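Written out below as structure tokens is the structure these notes cover.
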Protein chains: 2
Amino acid sequence: MKNIKPKLIKLFKEGYCTPQIARIARTINEPSTTIHYNIKKLENEGAIRIYKAVFDYKKINEGFCVYLLIALTPSEYSTPERIAKNLAKHEEVESVDLVTGDWELILKLRAKDQDEYYNFVKNVVSREKGIVTTKSMISLKQLKTEFVSL
Amino acid sequence: MKNIKPKLIKLFKEGYCTPQIARIARTINEPSTTIHYNIKKLENEGAIRIYKAVFDYKKINEGFCVYLLIALTPSEYSTPERIAKNLAKHEEVESVDLVTGDWELILKLRAKDQDEYYNFVKNVVSREKGIVTTKSMISLKQLKTEFVSL
DNA sequence: TTATGTGTTTGAACAATATTCAAATATGAA
DNA sequence: TTCATATTTGAATATTGTTCAAACACATAA
């Protein structure tokens with residue numbers, strides 16, 4: 001047994017997919033070379049970043065999903081991007097945004113379970129200097145992710 | 001001019017992509033038939049939902065991104081999914097979660113600009129019975145989306 | 001209006017890739 | 001060990017992506 005599964009999941013999270021030109025051509029009834037030309041144009045403009053897979057995260061041991069709100073110390077207000085970039089590096093992190101309102105950052109995180117999430121908060125979030133408060137909003141049910149209804 | 005672009009964007013948001021088996025095979029140095037077998041298994045298990053494109057949303061006129069927190073009236077606590085599903089239908093909605101804490105729902109929305117977002121709130125959100133309060137957290141900067149760093 | 005340059009569409013030929021199939025191998029349970 | 005089931009793999013085939021050159025569309029300026 002070669003245990004290919006985790007390797008595939010890792011690759012599919014950030015790419016290793018490609019458009020189905022022939023199927024699109026059939027669907028909208030245009031020549032495949034026209035589709036090809038237009039897709040390449042979108043890619044060259046940078047409008048399309050990558051092609052990737054969307055998972056049923058429960059089935060790949062990432063069923064625990066949390067929105068984490070973060071408030072920074074006033075001294076960090078001028079460079080919130082430093083902390084944001086550090087946090088974005090980690091594979092548990094689906095998204096990172098600087099936002100308006102009572103909190104400076106909002107992260108979407110995926111972990112296997114509560115324990116794994118606790119470890120992430122303990123080892124990554126709480127070690128980051130400049131964070132003053134956090135608040136976890138645990139997802140009880142995900143109805144739509146990445147524009148995909150579940 | 002056939003204006004293929006918007007059609008492609010629509011299709012790529014929810015699929016019409018496929019894994020690059022040969023490239024994966026080269027990357028992890030395994031026969032492509034082995035990769036093929038393992039991918040089909042993941043698909044049949046339902047672990048992989050779809051293959052799709054991730055965009056630079058600013059370049060496809062969806063640069064305005066908001067996290068919308070929603071509190072429900074106590075009478076809706078028993079059926080939060082009804083409202084959640086209604087909201088999830090709309091194409092502006094990237095994600096919908098039922099969450100713990102001070103709010104019942106969190107939505108991630110993408111629109112062209114503030115005006116278009118306002119129209120969505122006015123026409124869709126505020127018409128939904130059972131919503132008691134909302135709070136918008138506007139994204140000032142997106143550092144990572146859908147596991148893709150920007 | 002016509003001329004000119006640029007961007008888009010398209011079919012034909014070709015290159016690369018996905019898929020099928022059958023055989024070999026591995027794995028776990030009795 | 002034996003058996004049933006799951007996984008790996010190469011060879012053949014089917015399907016798809018890509019290249020290329022020509023035709024066409026569109027905008028601009030003379």
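Proteins come first, then strands; the chains are lettered A, B, ... in the order of their sequence lines, and each starts at number 1. What you see is a predicted model; the values in this text were computed from it and never measured.
The NZ-C1' distance, from A/K5 to D/dT8, rounds to 18 Å in whole Å. Across the protein-nucleic acid pair, A/E30 atom CD and C/dT8 atom P stand 15 Å apart, rounded to whole Å. As a whole-Å value, the separation of B/N3 CG from D/dC26 C1' is 14 Å. Rounded to an integer number of Å, the gap from B/I24 CD1 to C/dA16 P is 19 Å. Rounded to an integer number of Å, the gap from B/I39 CD1 to D/dA6 P is 20 Å. One can place CD1 of A/I35 at 14 Å from P of D/dT16, the figure rounded to the nearest angstrom.
The aromatic rings of B/F120 and B/H90 sit perpendicular to each other, their planes meeting at more than 60°, with 30° as the lower class boundary. The aromatic rings of B/Y57 and A/F147 are tilted relative to each other, their planes meeting at an angle between 30° and 60°.
The backbone N or O of B/D115 sits less than 3.5 Å from a side-chain atom of B/D113, completing a donor-acceptor pair. When atom types are taken as modelled, the side chain of B/K59 and the backbone of A/E45 share a donor-acceptor pair closer than 3.5 angstrom.
Within the structure, every side-chain polar atom (N or O) of B/Y37 is placed at least 4.0 Å from both OP1 and OP2 of D/dT8. Phosphate contact (OP1/OP2 of C/dT10, side-chain N/O of B/K2, threshold under 4.0 Å): present. For B/N38, no side-chain nitrogen or oxygen approaches OP1 or OP2 of D/dT7 to under 4.0 Å. Of the side-chain N and O atoms in A/K41, none sit less than 4.0 angstrom from OP1 or OP2 of C/dG7.
Remark: the A/Q20 side chain and the A/Y51 side chain contain no N/O donor-acceptor pair separated by less than 3.5 Å.
Contact annotation: the side chain of B/L42 never approaches that of A/F55 to less than 4.5 Å [non-hydrogen atoms, C-beta and beyond].
Every side-chain contact (heavy atoms from CB on, under 4.5 Å) that A/L140 has, sequence neighbours left out, goes to B/L98, B/T100.
Scanning both residues, B/L72 and B/E104, for their nearest heavy atoms gives N-OE1, 2.7 Å. The shortest heavy-atom contact between A/D102 and B/K135 is OD2-NZ, 2.5 Å.
Between its opening and closing five pairs, the helix from C/dT1-D/dA30 to C/dA30-D/dT1 changes axis direction by 40°, a value rounded to 10 degrees.
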Letter by letter from the 5' end, nucleotides 17-30 of chain C scores (B base, S sugar-phosphate only, - none; protein heavy atoms under 4.0 Å) SSSB-----SS---
